[in-house]
Amino acid sequence: SGINFDNYDEIPVEATGDGVPEPITTFTAPPLEPLLLENVQLARFTKPTPVQKYSIPIVALGRDLMACAQTGSGKTGGFLFPILSQSFINGPSPVPQATSQFSRRKAYPTALVLAPTRELVSQIYDEAKKFTYRSWVHPTVAYGGSDINAQIREIERGCDLLVATPGRLNDLLERGKISLANIKYLVLDEADRMLDMGFEPQIRHIVQECDMPDVENRQTLLFSATFPKDIQMLASDFLKDYIFLSVGKVGS
Ligand code: ADP
Ligand code: MG
């Protein structure tokens with residue numbers, strides 16, 4: 001995967017909704033944190049992609065987002081950069097008092113990214129590691145078809161940002177290893193593929209778990225290559241007063 005920077009600035013972007021912020025033209029503070037900008041430089045990202053130009057200020061503003069953009073357009077940075085910048089500022093959120101000896105080892109991530117496959121969550125996790133370098137934020141990854149006990153040990157070492165497939169996250173929730181009570185950022189990446197793979201019931205369960213403690217506080221970002229009816233339904237069910245972003249040609 002790579003970005004074609006040739007016709008880069010000709011890619012049409014449409015942003016609709018109330019109070020759409022001006023797009024950024026460079027990676028800069030604000031809205032991005034100096035430490036995040038250092039890590040962006042280390043990764044040799046010299047300028048934001050079209051989806052990043054728009055999504056970074058939208059997410060930094062605290063808005064929900066429905067973004068339609070093709071694979072390879074740079075969506076990962078589009079959500080990770082503003083989420084990490086704000087997380088660096090916020091610092092770790094207080095973990096609720098443990099109620100039993102079992103919940104003592106439960107992790108309380110503040111950011112959750114769901115994606116459909118092991119390959120995709122691994123890619124997002126690799127980016128998360130790069131861009132959290134020298135920060136307090138500890139990313140963790142969880143996917144099926146791999147030793148769950150090894151993943152649980154990793155989670156117990158620290159789990160501020162969790163990148164997971166819906167099925168494996170539900171297993172971890174059932175085992176009481178994760179609480180979604182502190183989730184401030186919920187990202188559904190490649191949402192159309194997740195629905196094609198039959199993950200809708202798991203996703204709805206996960207969103208319910210995020211909703212239980214405090215709906216007000218959560219920001220939800222939905223990314224999809226296409227915008228068919230079932231994705232439109234998810235957007236209207238999960239997002240509040242969202243901004244709609246469409247980058248390049250979008251199929252349905
Ligand atoms: P998508 O999720 O839209 O498919 P990715 O976020 O995976 O796209 O980005 C595709 C590739 O482009 C990745 O290898 C990523 O590291 C790289 N990339 C993303 N944004 C930039 C940027 N601003 N400058 C240079 N490379 C970038
Ligand atoms: Mg992606």
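Counting starts at 1 for both ligands and their atoms, in listed order. Treat the numbers as computed from the prediction; the structure is a model and nothing was measured.
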May I ask whether K47 places a heavy atom under 4.0 Å from ligand 1? yes

Any donor-acceptor pair under 3.5 Å linking the side chain of S73 with the backbone of A69? no

Of A115, G74, A67, the one whose closest heavy atom lies nearest atom 9 (O) of ligand 1 is G74

SB check D241 R63 (cutoff 4.0 Å): yes

Taking both backbone and side-chain atoms of T71, is any N or O found less than 3.5 Å from an N or O belonging to ligand 1? no

Atoms of ligand 1 under 4.0 Å from any heavy atom of T76, numbered from 1 in the order shown, are 2 (O), 5 (P), 6 (O), 7 (O)

With sequence neighbours left out, the residues meeting ring-ring contact (aromatic ring centres under 6.0 Å, His included) with F45 are F131

Could you name the option among A43, A69, G72, P50 that has the heavy atom nearest to atom 4 (O) of ligand 1? G72

Quick check: do V59 and Q219 have side-chain heavy atoms less than 4.5 Å from each other? yes

Can you tell me which portion of F27 lies within the under-4.0 Å heavy-atom range of ligand 1? Options are side chain, backbone, both, or neither. side chain

If we only count N/O pairs under 3.5 Å, is G77 in contact with ligand 1? no

Please evaluate residues E38 and R134 with respect to the criterion salt bridge (Lys or Arg N to Asp or Glu O under 4.0 Å), reporting the C-alpha separation (whole Å), side-chain torsions for both, the decisive distance (0.1 Å), and the verdict. CA-CA 10 Å; E38 283 176 28; R134 290 189 295 180; 2.9 Å; yes

Is Q70 near ligand 1, meaning one of its heavy atoms is under 4.0 Å from it? yes

Ionic contact status for R153 with E156, cut-off 4.0 Å: no

Among I203, L186, D64, which one satisfies side-chain contact (heavy atoms from CB on, under 4.5 Å) with F238? I203

No-hydrogen, no-angle side-chain donor-acceptor test under 3.5 Å, E174 and N170: no

From the options F45, F81, F223, F79, select the one whose nearest heavy atom is closest to atom 21 (C) of ligand 1. F45

Close-contact set for ligand 1 against E127 heavy atoms, below 4.0 Å: 16 (O)

N or O pair under 3.5 Å between T46 and ligand 1: no

Going by distance only, is there an N or O of K75 that falls short of 3.5 Å from an N or O of ligand 1? yes

Test item, S73 contacting ligand 1 (heavy atom, 4.0 angstrom): yes

Going by the rule ring-ring contact (aromatic ring centres under 6.0 Å, His included), which residues pair with F79 if we only count those two or more places apart in sequence or in a different chain? F223

